[in-house]
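Have a look at the structure below, then the notes.
It should be emphasised that the depicted structure is a prediction, and the values quoted were computed from it without experimental measurement. Just so it is clear, the values below take in all heavy atoms, side chains as well, and ignore hydrogens, waters and symmetry mates.
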Amino acid sequence: MSTVEEDLRAAFGRQEAVVPEAGPVRARIDLAWVRVKRRRTRRRALGAAAAVLLAAAAVPVVTTNWWHGGQPEQIQSEELLGTAMPGSSVPVARDPVDVLLIGIDRRPGSKTARADTVMLLHLPADRSAGWMVSLPRDGLVDVPGHGRQKLAATTALGGAQVTTATVTALTGVDLDAAVVVDYPAWRGVTEAAGPVRVCLDQAISAQGGRKGLAKGCQQINDGDVTALLQGQDGLRQLGIDRDRNTQRFVAALARKLAADGTAGSLTRVQQLIAAAGAGLQYDGDLPVLLKAATQLASPELIGLTAPRFNIRYDGENTGVIVDSADWKSLYQAIRDDRLAGWAVANPTYVTK
């Protein structure tokens with residue numbers, strides 16, 4: 001053996017004494033990799049939650065700042081997600097979750113707002129998909145403490161609390177949360193998120209100073225939102241078709257946020273919250289709602305609404321019937337958490 005080889009062996013021998021055992025080092029590397037994968041999983045879960053809930057107007061679900069009844073409330077991300085990560089072996093209790101979305105419109109000179117959109121968002125226990133059930137704003141309902149009224153009048157009679165109480169009495173569905181959003185908030189979120197692709201089965205006529213929209217697939221930007229969500233002149237079924245267009249817009253927004261990665265960035269979602277401004281308010285159990293959203297298999301939202309006009313002439317309160325046998329079976333399906341089967345049996349209610 002040469003002198004050089006002897007010197008090298010001696011050098012390696014001295015280093016072996018200070019080199020750590022491979023097993024513990026490998027274990028630490030593996031642990032670090034598990035943490036990386038969990039962080040990635042958490043970001044994906046947050047993204048899916050934001051996509052679904054933002055589309056239902058519950059924009060700030062994945063941040064630490066949330067408007068609860070109009071006041072900022074601090075919520076920690078660990079509280080929102082809980083300790084069980086998606087894909088974890090720790091079992092997560094799953095119950096259906098129902099959220100009421102109230103889209104309001106305050107006319108110039110009016111001190112009160114009317115409910116232009118009333119929609120139930122149902123997240124089933126199996127978290128297979130989200131469901132949107134639109135209730136006609138001209139539906140005749142028994143308003144607690146106010147007698148027989150149109151659903152649209154409930155917010156003017158007592159705000160979101162009266163609307164929520166009315167929908168609960170009508171459907172028998174115990175609501176976990178309520179979201180109120182106005183048109184400036186919708187426009188602000190759309191401007192911040194970017195245009196969404198919506199396919200209309202009918203053209204929307206220009207009306208009330210608002211632009212019209214052509215039939216077919218098109219990009220809807222912030223300047224188009226009011227025309228899309230409020231326009232009903234020229235539509236075959238007026239308010240029913242208007243509700244379907246609202247569902248198409250909400251579903252398109254969910255798909256966009258899931259596809260372009262916007263919902264995966266907390267910073268970006270905070271920008272969307274700021275864009276919504278004071279026109280977005282929320283009341284309910286936020287941690288429960290977010291945990292439910294993180295379990296959804298897909299950000300796809302499926303719309304259900306009335307298949308046809310069914311008018312009741314009731315003196316001054318002529319409006320749409322929402323307590324027929326078909327509607328009652330729909331409410332029962334929500335309560336029983338079997339909307340998927342009900343939709344298969346009632347395909348004319350499904351928004352295409």
Return yes when atom CZ of R210 has more than 12 non-hydrogen atoms of other residues, nucleotides or ligands closer than 6.0 Å, and no otherwise. yes

Just so I know, are the side chains of R137 and D116 near enough to count as touching, which here means a heavy-atom distance under 4.5 Å? yes

Using the side-chain hydrogen bond (donor to acceptor under 3.5 Å, both in side chains) rule, take T226 and R187 through it: C-alpha gap first, then chi angles, then the decisive distance, then the call. CA-CA 8 Å; T226 303; R187 291 194 295 268; 2.7 Å; yes

Give a yes or no on whether the backbone of D98 and the side-chain of D176 come within a donor-acceptor separation of less than 3.5 Å. yes

Return yes if some donor-acceptor pair links the side-chain N/O of Q232 with the main-chain N/O of D243 below 3.5 Å, else return no. no

Decide side-chain hydrogen bond (donor to acceptor under 3.5 Å, both in side chains) for D126 and S128; before the verdict, give the C-alpha distance in whole Å, the side-chain angles of both, and the deciding distance to 0.1 Å. CA-CA 5 Å; D126 65 8; S128 55; 2.9 Å; yes

Starting from the C-alpha separation in whole Å, work towards a yes-or-no answer on side chain to side chain contact (heavy atoms under 4.5 Å, CB included) for L120 and Y331. CA-CA 10 Å; L120 269 168; Y331 306 148; 5.8 Å; no

If a pair satisfies salt bridge (charged side-chain N to carboxylate O under 4.0 Å, His left out) and one of its residues is in residues 343-352, list it, with sequence neighbours excluded. none

Sequence neighbours excluded, every pair satisfying ring pair (Phe, Tyr, Trp, His ring centres under 6.0 Å) that has a member inside residues 333-352: W342-Y349

Can you check whether L229's main-chain N or O pairs, donor with acceptor, with R242's side chain at less than 3.5 Å? yes

Kindly write out the residues that satisfy side chain to side chain donor-acceptor pair (under 3.5 Å) with Q202, not counting sequence neighbours, or none if the list is empty. D241

Without swapping roles, check the side chain of R244 against the backbone of A306 for a donor-acceptor pair under 3.5 Å. yes

Give me each pair satisfying disulfide bond (SG atoms under 2.5 Å apart) with a member in residues 115-220, each pair once, sequence neighbours excluded. C199-C217

Those residues at least two apart in sequence (or on a different chain) that pass ring pair (Phe, Tyr, Trp, His ring centres under 6.0 Å) with Y183 are none

Hey, are the side chains of K150 and L140 touching, using non-hydrogen atoms and a 4.5 Å cut-off? yes

So how far is it from M119 CE to T246 OG1, rounded to the nearest 0.5 Å? 6.0 Å

Which heavy-atom pair separates A276 from A185 by the least distance, and what is that distance? O-CB, 3.4 Å

In short, salt bridge (charged side-chain N to carboxylate O under 4.0 Å, His left out) pairs touching residues 214-236 with sequence neighbours left out are K211-D224

Report yes or no: does Q247 contribute a side-chain atom to a donor-acceptor pair with the main-chain N or O of L304 at less than 3.5 Å? yes

